[in-house]
Amino acid sequence: MSFGLSVLARRLMVDPAGAKASLKVPALLWEAPPQDGTDSGHWMMTDAGHSLRRPRAGEPLIMLVEKVPGRKNPFAMGVTVGRVESNDIIVDDGSVSRFHAWLQYDERLHTWQLTDAESKNGTWINGQKLPGKQRTTLADGAELKLGDVLLRFLLPDALLAFVDQASRR
């Protein structure tokens with residue numbers, strides 16, 4: 001599931017406890033670069049519930065790291081990321097492979113891990129290119145690059161802190 005940051009900000013204003021309780025999984029945050037090099041501060045003005053496929057300047061896109069119920073996705077090992085509709089997380093950019101990577105939660109280590117699916121344009125964590133099909137542990141706040149797309153991996157508390165900080169700008 002993906003939605004604009006303003007949707008989460010509104011939910012937090014209306015029902016803070018309910019919004020916080022509903023965030024049980026990490027998220028990937030995709031921010032568009034500001035058009036003039038500065039933050040417009042207008043992300044709170046978007047239409048509530050508006051579904052975004054790509055972020056807009058001032059309206060980051062939040063993509064929850066979870067399997068999508070009912071989606072025809074034969075890859076049961078983890079949460080798939082890619083350009084096409086069969087993925088759990090859809091990153092609408094031509095530099096992202098149809099099936100680019102997957103995320104898994106390691107129950108034993110209590111960590112999230114990212115694996116590149118031998119994508120054409122590669123996957124990076126904090127500037128380090130991942131070899132294909134090698135699981136790598138993700139830290140909270142890690143910068144991910146899939147093809148040309150920059151994402152940030154945020155655990156629920158870090159996502160809430162990001163929303164709080166963005167709303168104070």
Side-chain angles (χ1 to χ4, degrees), residues 1-9 23 25-44 46-47 50-68 71-75 77-105 111-156 158-163 165-166 169:
M1 176 205 275
S2 63
F3 48 89
L5 184 67
S6 61
V7 172
L8 180 56
L23 285 177
V25 296
L28 298 179
L29 182 74
W30 183 9
E31 294 182 88
Q35 294 175 342
D36 64 357
T38 62
D39 183 5
S40 69
H42 289 88
W43 63 271
M44 291 289 289
T46 60
D47 296 328
H50 180 67
S51 178
L52 298 175
R53 294 282 308 220
R54 297 178 58 84
R56 296 181 297 203
E59 177 70 290
L61 184 63
I62 297 170
M63 300 172 287
L64 297 179
V65 179
E66 62 187 355
K67 292 299 283 179
V68 176
R71 184 157 292 161
K72 293 184 179 186
N73 178 330
F75 193 81
M77 290 175 24
V79 177
T80 61
V81 182
R83 187 178 71 236
V84 297
E85 297 289 328
S86 59
N87 289 289
D88 299 303
I89 297 174
I90 301 165
V91 180
D92 186 16
D93 187 272
S95 69
V96 174
S97 295
R98 288 177 293 164
F99 171 42
H100 197 99
W102 71 88
L103 295 115
Q104 289 176 285
Y105 184 71
T111 59
W112 281 92
Q113 300 184 340
L114 177 66
T115 306
D116 179 76
E118 297 183 333
S119 62
K120 180 180 177 185
N121 293 320
T123 302
W124 287 259
I125 299 175
N126 297 325
Q128 299 272 23
K129 187 170 184 184
L130 300 182
K133 297 194 176 176
Q134 179 177 313
R135 291 175 13 159
T136 304
T137 299
L138 288 171
D140 192 12
E143 182 181 272
L144 311 180
K145 184 178 176 210
L146 283 71
D148 295 330
V149 175
L150 292 175
L151 305 167
R152 193 173 335 162
F153 175 80
L154 297 172
L155 294 173
L159 177 59
L160 291 169
F162 179 86
V163 173
Q165 182 181 35
R169 287 187 208 147

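Keep in mind it's a predicted model, so treat the numbers as computed, not measured.
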(message) Less than 4.5 Å apart, side chain to side chain, heavy atoms only: is that true for Leu23 and Leu64?
(response) yes
(message) Taking the side chain as everything from C-beta on, heavy atoms only, tell me whether Val25 gets closer than 4.5 Å to Val79.
(response) no
(message) Give me the atom names and distance for the closest heavy-atom approach of Pro26 to Trp112.
(response) CG-NE1, 3.3 Å
(request) Give the minimum heavy-atom separation between Thr123 and Ala101, together with the two atoms involved. (result) OG1-CB, 4.4 Å
(request) Without swapping roles, check the side chain of Arg83 against the backbone of Val96 for a donor-acceptor pair under 3.5 Å. (result) yes
(message) With a 4.5 Å cut-off on side-chain heavy atoms, are Tyr105 and Val65 touching?
(response) no
(request) State the CG-OG distance between Leu130 and Ser119, to the nearest 0.5 angstrom. (result) 9.0 Å
(request) Examine distances only and state if a side-chain atom of Asn121 and a backbone atom of Ser95 form a donor-acceptor pair shorter than 3.5 Å. (result) yes
(message) Can you see whether Gln104 engages Thr115 through a side-chain donor-acceptor pair at a distance of less than 3.5 angstrom?
(response) no
(message) Any side-chain to backbone donor/acceptor pair from Asp88 onto Thr80? Under 3.5 Å, distance only.
(response) yes
(message) Do Leu159 and Leu8 have side chains that approach each other closer than 4.5 Å (heavy atoms only, starting at C-beta)?
(response) yes
(message) Checking the side chain of Glu59 only, and the main-chain atoms of Leu5 only, is there a donor and an acceptor separated by less than 3.5 Å?
(response) yes
(request) State whether the side chain of Arg98 and the backbone N or O of Gly82 hold a donor-acceptor pair below 3.5 Å, judged by distance alone. (result) no
(message) For a 4.5 angstrom cut-off between non-hydrogen side-chain atoms, does Phe99 reach Val84?
(response) no
(message) Looking at Lys145 and Leu151, would you say the former's side chain and the latter's main chain have a donor-acceptor pair under 3.5 Å?
(response) no
(request) State whether the side chain of Asn126 and the backbone N or O of Glu143 hold a donor-acceptor pair below 3.5 Å, judged by distance alone. (result) yes
(message) Any non-hydrogen side-chain atom of Asp140 less than 4.5 Å from a side-chain atom of Leu154?
(response) yes
(message) Distance check, rounded to the nearest 0.5 Å: Asp93 atom CG versus Trp30 atom CH2?
(response) 5.5 Å
(request) May I ask you to decide if Glu85's main-chain N or O and Arg71's side chain share a donor-acceptor pair within less than 3.5 Å? (result) yes
(request) First locate atom CG of Leu144, then atom CG of Leu28, and finally report the distance between them rounded to the nearest 0.5 Å. (result) 6.0 Å
(request) To the nearest 0.5 angstrom, please state how far the CD1 atom of Ile125 sits from the CG atom of Leu146. (result) 9.5 Å
(request) Return yes if some donor-acceptor pair links the side-chain N/O of His100 with the main-chain N/O of Gly122 below 3.5 Å, else return no. (result) yes
(request) Please tell me if the side chains of Pro55 and Glu31 come closer than 4.5 Å, counting only heavy atoms from C-beta onward. (result) no
(request) Please examine the side chains of Trp102 and Val81, heavy atoms only from C-beta on, and report whether any two atoms are closer than 4.5 Å. (result) no
(request) To the nearest 0.5 angstrom, please state how far the CH2 atom of Trp124 sits from the CG atom of Leu150. (result) 10.0 Å
(request) For Leu103 and Leu138, run side chain to side chain contact (heavy atoms under 4.5 Å, CB included): C-alpha distance rounded to whole Å, both residues' side-chain angles, the deciding distance at 0.1 Å, then the answer. (result) CA-CA 9 Å; Leu103 295 115; Leu138 288 171; 3.4 Å; yes
